[in-house]
Amino acid sequence: MNICGIELKSNQAMLVVINENGYLDLKTKKIVLENDEEQNSIREFCNQFLLFLEENVIDAIAIKKRGKKGAFAGGAVTFKMEGLIQLNPLTKVELLSSQTISSFEKRNNIEYPQSLKKYQEQAYLTALSYKDKI
């Protein structure tokens, strides 16, 4: 089972894929939404994401939830990207809270793969947390 962990930040979706054998070091590590006000950019983001799902045979997606209000609230663009990801017709999407991910991290001794980029760490933890839940 291939699980895609995602962290949404600014206009980027940071991607990590894991399976029962561990981390898969894929070429695509993030997908960027260039201009959230332009229909062609939105379509390009959707098409790139669907292609990523198909090419990597993704069975489940876990997204790190962002706050809706307060100091750590997510930006409007990240919520737009989240909606686009949730609309994908290929696989189910689950949102995991920061508390769930932090709790998982505290209960486990996480060793990050050497090929994992620093900006992918939260997406990696999100994927691991989801895998632990199922």
Side-chain angles (χ1 to χ4, degrees):
M1 173 183 227
N2 287 347
I3 300 168
C4 178
I6 300 175
E7 180 188 22
L8 300 171
K9 221 176 201 177
S10 180
N11 66 337
Q12 301 175 25
M14 272 53 107
L15 309 168
V16 168
V17 177
I18 63 169
N19 63 20
E20 50 280 341
N21 299 321
Y23 169 68
L24 302 176
D25 189 13
L26 304 174
K27 183 180 175 194
T28 303
K29 298 185 182 337
K30 62 181 161 183
I31 298 175
V32 177
L33 175 57
E34 294 297 334
N35 183 349
D36 73 300
E37 295 179 4
E38 200 173 276
Q39 186 178 25
N40 286 337
S41 288
I42 301 255
R43 284 190 175 141
E44 180 65 24
F45 176 83
C46 285
N47 291 337
Q48 285 179 358
F49 188 73
L50 289 173
L51 185 62
F52 175 82
L53 295 180
E54 289 172 349
E55 286 177 346
N56 299 293
V57 193
I58 303 299
D59 300 299
I61 298 170
I63 300 176
K64 181 180 179 184
K65 246 192 233 185
R66 291 141 347 280
K68 293 182 181 169
K69 57 185 173 184
F72 297 104
V77 176
T78 63
F79 289 106
K80 187 181 272 191
M81 290 189 309
E82 178 184 293
L84 294 170
I85 292 168
Q86 287 178 314
L87 285 171
N88 91 77
L90 303 175
T91 187
K92 72 178 201 161
V93 177
E94 183 151 338
L95 301 175
L96 297 178
S97 69
S98 296
Q99 294 85 350
T100 299
I101 297 166
S102 292
S103 172
F104 170 81
E105 187 178 17
K106 286 177 187 171
R107 288 191 324 270
N108 298 279
N109 184 20
I110 307 298
E111 288 191 32
Y112 295 102
Q114 283 204 301
S115 57
L116 188 78
K117 304 287 186 204
K118 182 79 173 157
Y119 65 83
Q120 290 179 289
E121 288 181 0
Q122 287 302 305
Y124 181 69
L125 287 173
T126 303
L128 290 176
S129 298
Y130 177 80
K131 184 178 176 187
D132 186 58
K133 267 182 67 172
I134 56 171

### Message
Please say yes or no: joined through hydrophobic side-chain contacts below 4.5 Å, possibly via intermediate residues, are I85 and F52 part of one cluster?
### Response
yes
State, yes or no, whether a side-chain contact exists between N88 and V93 at a heavy-atom distance under 4.5 Å. yes
Salt bridge (Lys or Arg N to Asp or Glu O under 4.0 Å) filter on K80, not counting sequence neighbours, yields D36
Interatomic distance, CG@N108 vs OG@S103, rounded to 0.5 Å, equals 9.0 Å
Quiz item: Between V16 and L53, is there a shared hydrophobic cluster once you connect ILVMFWY residues whose side-chain heavy atoms come closer than 4.5 Å?
Solution: no
- prompt: Does N11 reach the side chain of F45, with side-chain heavy atoms less than 4.5 Å apart?
  reply: no
Quiz prompt | Same cluster (ILVMFWY, side-chain, under 4.5 Å), L128 and L24 | solution = no
Is it the case that more than 12 heavy atoms not belonging to Q39 sit under 6.0 Å from its CD atom?
no
Applying salt bridge (Lys or Arg N to Asp or Glu O under 4.0 Å) to K30 and not counting sequence neighbours gives none
Is there a path of hydrophobic side-chain contacts, each under 4.5 Å between heavy atoms, that joins I42 and V77?
yes
Correct closest heavy-atom pair for I31 and F49 would be CD1-CA, 3.7 Å
Between K64 and S98, the two heavy atoms sitting closest are CE-OG, 3.4 Å
Applied to residues 43-54, the side-chain hydrogen bond (donor to acceptor under 3.5 Å, both in side chains) test, sequence neighbours excluded, yields E44-Q48
Apart from F79 itself, its cluster of hydrophobic side chains linked below 4.5 Å comprises none
Output for pair (E34 CD, Q12 CD), nearest 0.5 Å, gives 9.0 Å
Rounded to the nearest 0.5 angstrom, the CE-SG distance for M81 and C46 is 11.0 Å
_Linked, directly or transitively: Y119 and Y124 (ILVMFWY side chains, under 4.5 Å)_ = no
Looking only at heavy atoms, the pair that brings T126 and Q122 closest together is OG1-O, 2.7 Å
Sorted by chain and residue number, the salt bridge (Lys or Arg N to Asp or Glu O under 4.0 Å) partners of K118 (sequence neighbours excluded) come out as E121
Shortest non-hydrogen pair, T100 vs S129, comes out as O-OG, 4.4 Å
Closest non-hydrogen contact found for R66 with I63 is NH1-CG2, 4.2 Å
- [ ] Please report the C-alpha distance between L90 and L50 in whole Å, then the side-chain angles of each, then the deciding distance to 0.1 Å, and finally whether the side-chain contact (heavy atoms from CB on, under 4.5 Å) criterion is met.
- [x] CA-CA 8 Å; L90 303 175; L50 289 173; 4.0 Å; yes
To the nearest 0.5 Å, atom CD of E105 lies from atom CG of N109 at 10.0 Å
Taken to the nearest 0.5 Å, the spacing of L95 CG from E82 CD works out to 4.5 Å
For residues 1-9, tabulate all N or O donor-acceptor pairs below 3.5 Å that involve a side-chain atom, not counting sequence neighbours.
residue	atom	partner	partner atom	Å
N2	ND2	N56	O	2.8
N2	ND2	V57	O	3.3

Of all heavy-atom pairs linking L125 and F104, the shortest is O-CD2, 4.4 Å
